[in-house]
Every structure is written in structure tokens, then in C-alpha cells.
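Take a look at the structure below.
In what follows, every chain begins at residue 1, and chains take the letters A, B, ... in the order their sequences are listed. Heavy-atom basis, side chains included; hydrogens, waters and symmetry copies ignored.
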Number of protein chains: 2
Amino acid sequence: MAQPPSRTLTREHIAAAALAVLEREGLAGLSMRKVATEVGVQAPSLYWHVRNKEELLDLLGDAIIADAEIPLRTGDWREQYLEYGRRYRALLLAKRDAAKVVAGRLTTGPRVLAVLEDQLDRLRGAGFADADAAMASYLLSAYVQGFVLQEQSPLSAAEAAGASRGQVSRAAGETFRALPAETHPNLVALAEHLTDPDMDTRFEFGLQRIADGLAALL
Amino acid sequence: MAQPPSRTLTREHIAAAALAVLEREGLAGLSMRKVATEVGVQAPSLYWHVRNKEELLDLLGDAIIADAEIPLRTGDWREQYLEYGRRYRALLLAKRDAAKVVAGRLTTGPRVLAVLEDQLDRLRGAGFADADAAMASYLLSAYVQGFVLQEQSPLSAAEAAGASRGQVSRAAGETFRALPAETHPNLVALAEHLTDPDMDTRFEFGLQRIADGLAALL
DNA sequence: ACCTGAACACCGTTCAAGT
DNA sequence: ACCTGAACACCGTTCAAGT
């Protein structure tokens, strides 16, 4: 837990420690004190390297997406655009509460910039107008972040209470099915589909629609 | 601030008080103690009406979208789908930090159910398969929540530090433009578009693409 | 049934002081 | 330049006790 003699504490060490604490305790359990002990130091020491907790969270956000990779340039722009979306989601799903950390935070690490650069290059090369390429990139990240945010949060109070994802969604389905059919016929009829726990196909559906919509611009 | 003689504290009162505190102090400043004094009571009293803070936030989420309204049934499914997206965004933008509260929370107030019911009815009526209608609805809320989450969060540390939105985005533009043009030609070229602070057109762009992609399914 | 006082184990952050 | 101890003003939550 406590880093022994790794002299000269750096911002990288702090980010790594924060990542470890996040994995172990979740975002709600991430405190300056815990990060400090993780790195083998007293809490106030962190303030020499970091202005406040908000800045530490910026560091953490950068660390989360530091592993971002540029997909190989196989296939057309569409296939690569989809791949960007899938990889971004996978990156967020890989770390606990990652979407909550990253959402609404501006991350500008070198890896992110490289990925963004490649993405824009591909879109412009495919014939998108400059403004459209920029907005297409923004659209993708808004969708992925919004989706994973839902995906990563406990569905309800039945959360850490141990119930499995499948159980929770089955219970949610029951709720919809139990609604009065005269007032909510569609919710009753679609209960199954609305609460289907298969997140992969759900994500892919949205991704394909977005790509189709973009393709229509060309 | 303190509610004088409004006997019999209810969950509705608590939700309203939480909404007031949220507006005044933001989500980070929302504490059980502040909500308690807002409602004219000691903090521990809240625990009679609410299991914990998480449940209070559920209440708050419901209160935020309690004003949701079903748009008039003018225009085709597409126009109404767009209208749902726009209204949802407007609803979130109307309350401070609303996206952060709502994101990843399952809200099942009667108004929300009514809106969802209408939405599904419209999509099925337009010819969408059951599963597609359900996923189209989910797609919309993921996009809107992701978008507004970005929109409502301070763009950087230059946040509450007083800088206007325009100033911050101009500064961000400078950052992109200052990158080495050999390695990041597209970021340099699109700096303007990437940091354009006009969120309305940005939102509308994504919304139109999604609607187009859905239309292609019919 | 509903509310309070006192208490517990935590927080983020500041600051004088150490080396 | 970097770290610590002590302290401040807060937290969420529990629980015995009041009415």
C-alpha cells in the first residue's frame, strides 16, 4: 500500500496512486488522504504537487485515457469511426467509475490529442467539411460518455446491495409490465426491450445510427 | 431560508429544498445539513424520510425532470423525436448541475413515464420495430445527457475563476493553434471549429445525425 | 410517528514549522 | 524544495432520547 523508498514524489506517481484507489474504493471513496497514504506520504504533502482535489481528478482523468490507441487504418472512415467509439467505451469500462471521472472534464494528454488528430484527419479525408468533422468528433464522445455513464452506474438502490445486473433489469421489466395497460400500453409491451441488459447491442445500435446519419452528409 | 411552520415534513418538501440548495450552492455544495436547515429541521431528521443521501439525490433527480412535458403531436415522428431531444436538453440546462444529478440515475416519476410512453408510441406508429423503438429512446437520452454534461461543466480550471465561456474557448483555440503543424495539422486547422462556443448548433448537429440514422431504418 | 443532541469517523484545505 | 503535525470547518450517519 505505502510506497516505500520511491524518492521524489511526482505528479505521475500521484496519478497512478489515485488510479489504484479509484479501482479499490470507487470515486466516492477516493479521498486526498487515501491517495496520500497510497503514495506513502501525509495528505497535506499532495498540495505541493497539486492545487486541490479538482486538479488531482484532472490528473486521474488523463491517466484513465492515457492508454488510448489509434486504431489501424483499415477499412473506410465509417469503420474507423465505429472503432473509435468502441475503443473509447472499452477504455472507460476498463476502469471503475471512469465515465464519472472523465465526463465533463477536458482531457488534453498527448495520447488524446494524437487520437483526435487522427480522427479529424480521417473524417476530412473522407470529404467532411471542416465544421462537420469537428462536430462529428464531438458527437461521438458525447454519445460514448453518456452511454457508459449509464452503463457504469448502479441501476438503482438495488445497486451494491448485491443484486446482479440481470436481476435488476428483470425487476425493472416487472415494474414496466405492471403498469396499467390502458394508460401505458407501449411501456407494457416493450418492457422486455426497454430493460434488456445486453449493453453491447444497445451501444452498437446507437453507434450505427450515428455513423449512418453522418454518412448521409457526404 | 428556514421553512417556518409548514408542519408535517414530506418527501416533496425535502425534494423542493434540495432543489433550492442545488440552485444556490451547486451539487458539490449540497449537503444533508444544508437541505435540513433549508427545510427547517435538524440533519438527522431527514433520515426518517430518506434512507441516505443517495436516496435524496434520487428524489432530486425526479424533481428536476418533473416538469417534463409531452410535445404536441404536430409534425412527423422525426420532428417530434428532435423536439424530445431539445426539450430534454432545455430541462437539464434550466437547473444548475442537473445533468450531473440525473446522469446514471434511473428516474421513474409519473411525468417521465408519460413522456416515455408517448415517445415509444410515436416511434412504433412510425413503423419502427419494437426493439428499435426502445433503443432509439435510449440513444436519445444517452446523447442528451452526455452532451449537457459537457455543456454544464466548467471547461477547465479557468472555471469559476470568472473567465467567460467565450474567453475560455478562445484560449482553448489558442492551445490547438499553437500545436506543431507537422504533427497535428488537423487540430491546428480546425482549432476554430473545435472550440466554437455555439452549443446550440453543436447539439442540433448531433441530433439531426441521429434522427437521420434512425430514418434510414424505415 | 417524527424530531433532536450528541457523538463517531471521516472529509478538504491551510499554515506554521521542520529538514 | 519538499514534507509533516496540528488544526479548522465541514461532512454522512447512528442512536439513544425526547415528545
Side-chain angles (χ1 to χ4, degrees), chain A residues 1-22 24-61 97 100-101 105 153-154 157 159-161, chain B residues 1-22 24-61 97 100-101 105 153-154 157 159-161:
Chain A
M1 187 145 310
Q3 214 97 323
S6 71
R7 284 278 44 80
T8 58
L9 179 56
T10 68
R11 285 164 69 94
E12 283 74 33
H13 291 143
I14 294 176
L19 208 49
V21 175
L22 181 72
R24 206 187 317 124
E25 320 247 14
L27 183 57
L30 183 106
S31 71
M32 297 297 276
R33 284 167 155 95
K34 284 183 194 154
V35 173
T37 57
E38 176 76 24
V39 87
V41 98
Q42 294 304 112
S45 308
L46 294 181
Y47 289 83
W48 180 263
H49 305 273
V50 129
R51 192 199 308 264
N52 49 28
K53 190 179 184 182
E54 196 58 25
E55 194 174 303
L56 184 141
L57 290 177
D58 284 343
L59 249 48
L60 182 56
D97 286 343
K100 240 179 219 145
V101 175
R105 205 171 292 278
S153 0
E159 37 166 341
Chain B
M1 188 146 309
Q3 212 98 321
S6 71
R7 283 279 44 81
T8 57
L9 180 55
T10 67
R11 285 164 69 94
E12 283 73 33
H13 291 144
I14 294 177
L19 208 50
V21 174
L22 181 72
R24 205 185 320 122
E25 321 246 14
L27 183 57
L30 182 106
S31 70
M32 298 295 276
R33 283 168 156 93
K34 285 184 193 152
V35 172
T37 56
E38 176 76 24
V39 87
V41 98
Q42 294 305 111
S45 308
L46 294 180
Y47 289 84
W48 181 262
H49 304 273
V50 129
R51 193 199 308 265
N52 50 28
K53 190 178 184 182
E54 196 58 25
E55 194 174 305
L56 183 142
L57 290 176
D58 284 342
L59 248 47
L60 181 56
D97 287 343
K100 240 180 218 143
V101 175
R105 205 171 292 279
S153 356
E159 38 164 341

Per-nucleotide protein contact along nucleotides 13-19 of chain C, 5' to 3', at a 4.0 Å heavy-atom cut-off (B base, S sugar-phosphate only, - neither), is BBB----
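In this model, the phosphate group of D:dC11 is approached by a side-chain N or O of B:K34 to a distance below 4.0 Å at OP1 or OP2. Phosphate contact (OP1/OP2 of D:dC2, side-chain N/O of A:W48, threshold under 4.0 Å): present. Contact annotation: A:H49 side-chain N/O to D:dA1 OP1/OP2 distance is not under 4.0 Å. Using a 4.0 Å cut-off, no side-chain N or O of A:S45 falls inside it from OP1 or OP2 of D:dC2.
Take B:A36 and apply the side chain to side chain contact (heavy atoms under 4.5 Å, CB included) test, not counting sequence neighbours, and it matches B:V41, B:A43, B:L46. Listed by chain and residue number, nothing satisfies the salt bridge (Lys or Arg N to Asp or Glu O under 4.0 Å) test with A:E12 (two or more places apart in sequence, or in another chain). With sequence neighbours left out, B:K34 forms a salt bridge (Lys or Arg N to Asp or Glu O under 4.0 Å) with B:E25. Taking the side-chain hydrogen bond (donor to acceptor under 3.5 Å, both in side chains) definition, one finds that A:E55 meets it with A:R11, sequence neighbours left out.
Rounded to a whole Å, the CG atom of B:L46 is 9 Å from the P atom of C:dC3. Straight-line distance from the CD atom of B:Q42 to the C1' atom of C:dT4: 6 Å, rounded to whole Å. Between the C1' atom of D:dC2 and the CZ atom of A:R11 lies a distance of 15 Å, rounded to the nearest Å. Between the CD atom of A:E55 and the P atom of C:dG12 there is a distance of 15 Å, rounded to whole Å.
Within the 4.0 angstrom heavy-atom criterion, only backbone atoms of the sugar-phosphate kind lie near A:S31; the bases stay farther away.
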Pairs counted as Watson-Crick or G-U wobble with both distances under 3.5 Å: what dot-bracket string results for DNA chain D, using | for bases tied to another strand? ||.|||||...|||||.||
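Considering every non-hydrogen atom in both B:H49 and B:I14, the closest pair reads CB-CD1, 3.6 Å.
In this structure, the separation between CD on A:E38 and CZ on A:R24 is 4.5 Å, given to the nearest 0.5 Å. In this structure, A:S153 OG and A:L27 CG are separated by 11.5 Å, a value rounded to the nearest 0.5 Å. Atom CG of A:L60 is separated from atom CG of A:D97 by 10.0 Å, given to the nearest 0.5 angstrom.
Of the candidates A:L59, A:V21, A:L22, A:V21 is the only one forming a side chain to side chain contact (heavy atoms under 4.5 Å, CB included) with A:V35.
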